[in-house]
Asker: 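Just dropping this structure here.
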Amino acid sequence: MKLRIFTEPQQGADYQTLRNVALAAEELGFDAFFRSDHYLKMGSVSGLPGPTDAWATLAGLAVETGRIRLGTLVTAATFRLPGPLAIIVAQVDQMSGGRVELGLGTGWFEAEHAAYGIPFPPLGERFGRLEEQLTVITGLWGIPEGQTFSFDGAHYRVSDSPGLPKPAQRPRPPVVLGGGGARRTPRLAADSAAGFARVREACEAAGRYPASMTYSVAQTVCCGKDEAEFRRRAAAIGEDPEDLRANAIGGTPSEVAAKIAEFAEIGAERVYLQVLDLHDLGHLELIASDVLPQV
């Protein structure tokens, strides 16, 4: 099981804060640092000092880190055109020496689109755009040098592109597809297992070997060395301790490790630990020292 740190900077974090978390994650032995790709805060937090661009952040971290993998969870297909996005990701992959992963989804937060003048089409069209973006991006990366790539879709048209630059990873960086389960807020392992089953069925229907996929889950994490510290950290992020235990990954190190083990049993190979207090680096240190060795 690989543990990855996942951050939500739109809730209030500048580049320096994210840099501190990424460097700590690398030093402490986590597999990766991922960040959301949002332009507007959610809920009652101030969101100050304001949003940061996901790929500008990852470009900076690409040259400031040396081992951990870097990526988005997930980039909205509504934010960027597929051709420029393929160039951006390929360049950041080169800058990192081949450590980038592209998380891509339909986009869902209508308010941030309205706030920054980004079109927000209906869900069916957003899915169509996501599908075409995947085709264009992987096509541009995959076309051999000296040949050209063309695509004529309902939403995007590419004509005789040289498909440059190429990412450092060949044939391409990993692509992480984000999505929900049968309900709006899946209830941990049971719904994740159902989601994995649907993906496996879809693979078989498409003639693809299900084991060729890597299955992941993302959950908020809140860990304390004892009950008192757990409750203090829960209060700091405005969450109910028992709700964290039931609907996230919360508790003492042994409880957190046990919950992660449940995901491993249903086939998850990676857990993205959503860390909400980005100034509490001691939280990362505790997880690294007391949870990581157990999983």
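Each residue takes its place number in the sequence, starting with 1.
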Asker: To the nearest 0.5 Å, tell me how far M42 CE sits from Q11 CD.
Answerer: 6.0 Å
Asker: Is there a continuous path of hydrophobic side-chain contacts, each under 4.5 Å between heavy atoms, that joins W141 to I87?
Answerer: no
Asker: What I'd like to find out is whether the side chain of V295 reaches to under 4.5 Å of the side chain of L3, using heavy atoms alone.
Answerer: yes
Asker: With hydrophobic residues grouped by side-chain heavy-atom distances under 4.5 Å, do L286 and L281 end up in a single group?
Answerer: no
Asker: Classify the angle between the aromatic ring planes of F79 and H113 as parallel (below 30°), tilted (30 to 60°) or perpendicular (above 60°).
Answerer: tilted
Asker: Under a plain distance cut-off of 3.5 Å, with no hydrogens placed, do E8 and Q274 share a side-chain donor-acceptor pair?
Answerer: yes
Asker: Which value, rounded to the nearest 0.5 Å, describes the distance between E112 atom CD and Y116 atom OH?
Answerer: 9.5 Å
Asker: Looking at side-chain heavy atoms only, is the closest gap between V158 and F149 below 4.5 Å?
Answerer: yes
Asker: I'd like to know whether R172 forms a salt bridge (charged side-chain N to carboxylate O under 4.0 Å, His left out) with E101, so could you lay out the CA-CA distance, the side-chain angles of the two residues, the decisive distance to 0.1 Å, and finally the verdict.
Answerer: CA-CA 9 Å; R172 58 169 174 77; E101 302 185 14; over 6 Å; no
Asker: Can you confirm whether the side chains of T65 and R99 place a donor and an acceptor under 3.5 Å from each other?
Answerer: yes
Asker: Counting C-beta onward and ignoring hydrogens, is there a side-chain heavy-atom pair between C222 and F230 closer than 4.5 Å?
Answerer: yes
Asker: Report yes or no: do E132 and T135 form a side-chain donor-acceptor pair below 3.5 Å?
Answerer: no
Asker: So, taking the atom named CD in E64 and the one named CG in L18, what distance separates them when rounded to the nearest 0.5 Å?
Answerer: 11.0 Å
Asker: Quick one: do D226 and R232 satisfy salt bridge (charged side-chain N to carboxylate O under 4.0 Å, His left out)? Show the steps, please.
Answerer: CA-CA 10 Å; D226 52 32; R232 178 183 64 76; over 6 Å; no
Asker: How about S150 and R157: does a side-chain donor come under 3.5 Å of a side-chain acceptor?
Answerer: no
Asker: My understanding is that only one of L28, L273, I249 makes a side chain to side chain contact (heavy atoms under 4.5 Å, CB included) with I287; could you say which?
Answerer: L273
Asker: Do T78 and R126 have side-chain atoms, one donor and one acceptor, less than 3.5 Å apart?
Answerer: no
Asker: Is a donor from one side chain sitting under 3.5 angstrom from an acceptor on the other, for E145 and Q147?
Answerer: no
Asker: For atom CZ of R67, is the number of surrounding heavy atoms from other residues, nucleotides or ligands below 6.0 Å larger than 12?
Answerer: yes
Asker: Does the side chain of D14 come under 3.5 Å of the side chain of T17 through a donor N or O and an acceptor N or O?
Answerer: yes
Asker: For the residue pair L61 and R19, what are the closest heavy atoms and their distance?
Answerer: CD2-CA, 3.8 Å
Asker: Which value, rounded to the nearest 0.5 Å, describes the distance between E125 atom CD and F120 atom CZ?
Answerer: 11.0 Å
Asker: Quick one: do D53 and R80 satisfy salt bridge (charged side-chain N to carboxylate O under 4.0 Å, His left out)? Show the steps, please.
Answerer: CA-CA 12 Å; D53 183 81; R80 301 167 184 87; 3.1 Å; yes
Asker: Between K259 and E255, is a salt bridge (charged side-chain N to carboxylate O under 4.0 Å, His left out) present by the stated rule, with each step listed?
Answerer: CA-CA 6 Å; K259 188 63 67 71; E255 290 177 291; over 6 Å; no
Asker: May I ask you to check if R129 and Y156 form a cation-pi contact, with NZ or CZ under 6.0 angstrom from the six-membered ring centre and within 45° of the axis?
Answerer: yes
Asker: Roughly how far apart are L85 CG and W55 CH2, rounded to 0.5 Å?
Answerer: 7.0 Å
Asker: Side chain to side chain contact (heavy atoms under 4.5 Å, CB included) with E239: which of T220, L244, N247?
Answerer: L244
